[in-house]
Amino acid sequence: MDAQSDFPVYQDDSKPMEERIEDALHRMTLEEKVAMCHAQSKFSSAGVPRLGIPDNWATDGPHGIRAEGLWDKWDQAEWTNDSCIAFPALTCLAATWNPEMSLLYGKSIGEEARYRNKNILLGPGVNIYRTPLNGRNFEYMGEDPLLASRMVVPYVRGVQENGVAACVKHFALNNQEINRHSVNVNVSDRALYEIYLPAFKAAVQEGQAWAVMGAYNLYKGQHCCHNQYLLNDILRREWGFDGVVISDWGGTYDTKQAAYNGLDMEFGTGTNGLTTGVVNAYDDYFLSKPFLRMLQAGEIDEKIVDDKVRNILRMVFRTNMNKHRPWGLFGTAEHALTGRQIAQEGIVLLQNKRSLLPIDLNGVGKILVVGENALKMMTVGGGSSSLKAKYEISPLDGLRKRVGNQVEVVYTPGYISRSSGNNNEVTAEAIELAKDADLVIFIGGLNKDDFQDCEDSDRKNLGLPYGQDQVIEELSKVNKNIVVVIISGNAVAMPWIDKVPAVVQGWYLGTEAGNALASILVGDVNPSGKLPMTYGVNLNDYGSHALGEYPGGKEETYHEGIFVGYRWFEKQKIRPLFPFGHGLSYTTFSYGKASASSKVITGSDELNVSLPVRNTGSREGKEVVQLYVRDVKSSVERPYKELKAFRKIHLKAGEEKHVDFTVTVDDLKYFDEEKHDWIAEPGRFEILIGSSSADIRSVVGFELKQQ
Ligand code: BGC
């Protein structure tokens with residue numbers, strides 16, 4: 001007991017964290033230590049009741065707080081007070097290209113988690129978008145490591161302001177769902193460091209994430225939840241991570257590996273990671289009785305469990321033993337509005353010929369809405385991110401509410417997703433109705449069912465399911481005023497692209513989905529989202545498919561290496577359907593000439609790049625100004641260009657702003673496998689500034705000189 005205080009040292013938060021940890025650790029029995037290292041229910045692990053150290057409670061993540069479940073079952077507990085606000089899916093957040101939205105998202109979802117007494121939020125997810133078939137892409141932040149890095153950091157910080165640990169997942173190389181428990185990913189160090197790790201590193205080092213979840217798959221022959229290379233060498237040693245490594249549910253396979261290869265807390269063992277499993281098997285967990293027995297027998301040194309408990313206690317002190325943390329808020333109108341704002345900034349206007357959008361409400365008498373996704377609940381399904389939302393406004397309801405009695409809105413499904421359904425009749429009905437509508441809005445895309453945007457399975461192809469392509473084609477023959485809204489977390493093929501004037505990428509938008517979509521369609525809000533991934537015309541446009549190992553078997557080699565997303569399209573000179581960073585507005589922006597502060601820089605210099613951007617249209621709007629770097633001549637193969645910075649700016653009609661960027665030598669580097677280090681080669685570089693990766697408006701060159 002400390003002389004100055006009534007509390008033991010570990011409970012005294014005026015004492016340094018590490019001192020408190022050692023104090024608590026020394027009071028604990030071996031059994032109590034081991035008990036902290038594994039689950040005691042589906043989503044909780046034990047604290048130390050004798051010492052007043054509380055249990056840990058985790059929740060999915062990453063789009064809202066999952067409904068309460070039964071102690072040892074996946075079924076919901078049927079509480080009546082656990083309906084959350086569903087925020088837009090992370091692909092939509094990434095599409096805002098606005099780190100302020102990310103902070104707001106993290107802060108709000110963190111408040112929801114805190115109110116529900118969860119101290120671990122299982123998210124965000126930052127696995128890179130390698131193939132458009134990955135069933136979980138909607139839970140991640142796109143194909144580019146810089147974009148994902150800049151967006152993940154504020155999310156993590158926002159969550160953790162609430163005394164809730166963000167658990168960044170799935171570390172690492174979990175880029176598909178097929179074979180997710182068994183595939184061993186072979187990837188070059190260069191691709192690992194340049195493409196797959198940066199967002200995790202940013203979350204850990206800049207976001208100061210308190211928890212990381214291991215992935216299901218293998219790397220270098222070891223499961224990622226107990227992986228010497230990823231967890232001990234990279235996460236702990238290279239990055240200095242001091243938080244907790246949590247297994248994915250059912251991702252632990254062996255006591256010794258779990259003991260030595262970096263896992264701190266084991267969850268979900270004995271289940272298939274999602275649904276079925278052995279009942280109350282927590283004593284049999286690899287880090288439970290088997291671990292205790294090996295420790296007692298001296299086969300594993302006690303300092304191994306001590307290190308794990310230190311990590312866990314550190315998280316506990318930062319979260320549910322932090323006396324200063326706020327109380328949280330749950331299901332509030334403010335959170336719903338935050339979700340709506342994020343949705344509105346993330347929706348992407350892909351195409352808008354004849355300025356068909358925004359809808360001129362005075363110019364249309366009858367709108368026909370076609371497509372199942374106009375009604376389908378999208379906060380439910382998709383696997384572990386499925387939510388019990390307080391409410392969800394469907395696109396149809398949102399539109400009807402917005403247009404009121406001014407315009408007649410007629411709905412017809414146009415196609416049926418259930419295999420037993422007969423599409424011919426419903427399609428024929430839609431075609432008939434489309435003939436005399438002033439405007440047709442087709443709202444389709446994917447959904448959260450198996451083999452769509454859903455955990456545990458991947459999509460089977462790039463096309464739209466349920467015959468939607470045909471419905472769109474037919475509609476376009478009878479009505480030229482057609483808007484296609486794609487609700488999905490993935491790119492889809494659009495063989496009808498030249499036959500429809502307007503296309504909107506609507507993502508999964510959460511509780512306020514319909515209101516957000518309506519506000520974009522009628523122009524209350526000017527769209528400003530930009531694609532966080534490249535839309536290919538065909539599946540083979542993507543390196544992961546062109547080079548052929550997807551989905552692999554026991555082994556899968558990422559032959560495309562660093563050429564993921566636009567890096568691949570640009571290398572192969574493949575014209576995408578819609579490029580990375582693309583997104584239109586109802587106004588127009590003109591970019592002036594970029595100027596750099598110097599023509600030559602050396603090692604420690606910074607280069608300031610600046611350019612004027614003007615809103616040349618008649619309404620206010622936001623633009624994402626993107627800065628790419630190109631290494632003009634290099635001794636190693638490099639992408640044509642790489643995103644290194646972006647700014648989202650707001651401009652009133654006619655307004656001009658100067659956009660400033662700072663480029664450092666770090667932005668010029670590639671990862672040298674032999675040196676195991678980042679290298680910038682002297683020589684010529686270019687800064688390319690544009691409105692998308694394929695719409696470069698200004699280029700400025702400079703030289704990096706040897707120091
Ligand atoms: C998923 C994780 C999730 C966990 C708990 C697993 O199946 O891969 O992302 O957090 O279940 O629901």
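Remember, it's 1-based here, ligands and their atoms both numbered in the order they're listed.
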Qualifying residues under salt bridge (charged side-chain N to carboxylate O under 4.0 Å, His left out), relative to Glu112, sequence neighbours excluded:
none
Single hit among Ser45, Ser288, Ser247 for side-chain hydrogen bond (donor to acceptor under 3.5 Å, both in side chains) with His38
Ser288
Is Arg180 touching ligand 1 with its side chain, its backbone, both, or neither, if touching means heavy atoms under 4.0 Å apart?
side chain
For atom 10 (O) of ligand 1, tell me which residue out of Asn174, Asp60, Ile246 has the closest non-hydrogen atom.
Asp60
Can Glu455 and Ser385 be counted as having a side-chain donor-acceptor contact under 3.5 angstrom?
no
Any heavy atom of Glu455 closer to ligand 1 than 4.0 angstrom?
yes
Find all atoms of ligand 1 within a distance of less than 4.0 Å from any non-hydrogen atom belonging to His170, and give their numbers and elements.
2 (C), 8 (O), 9 (O)
Tell me the closest heavy-atom pair linking His181 and Leu218, and the distance in Å.
O-CD1, 3.9 Å
Check: Asn175/Asn127 side-chain N/O donor and acceptor closer than 3.5 Å
no
Proximal atoms of ligand 1 relative to Leu122 (non-hydrogen, under 4.0 Å)
10 (O)
Does the side chain of Asn134 pick up a donor-acceptor pair with the side chain of Gln176 at under 3.5 Å?
no
Output all residues satisfying salt bridge (charged side-chain N to carboxylate O under 4.0 Å, His left out) with Glu32, sequence neighbours left out; order by chain, then residue number.
Arg50
Under 4.0 Å, heavy atoms only, figure out whether ligand 1 is touched by the backbone of Phe43, its side chain, both or neither.
side chain
Go through ligand 1 atom by atom and flag the ones less than 4.0 Å from a non-hydrogen atom of Lys169.
2 (C), 3 (C), 9 (O), 10 (O)
At a 4.0 Å threshold, what atoms of ligand 1 neighbour a non-hydrogen atom of Arg66?
12 (O)
So which bit of Arg136 gets within less than 4.0 Å of ligand 1, heavy atoms only: side chain, backbone, both or neither?
side chain
Is it true that Tyr216 lies under 4.0 Å from ligand 1, counting heavy atoms only?
yes
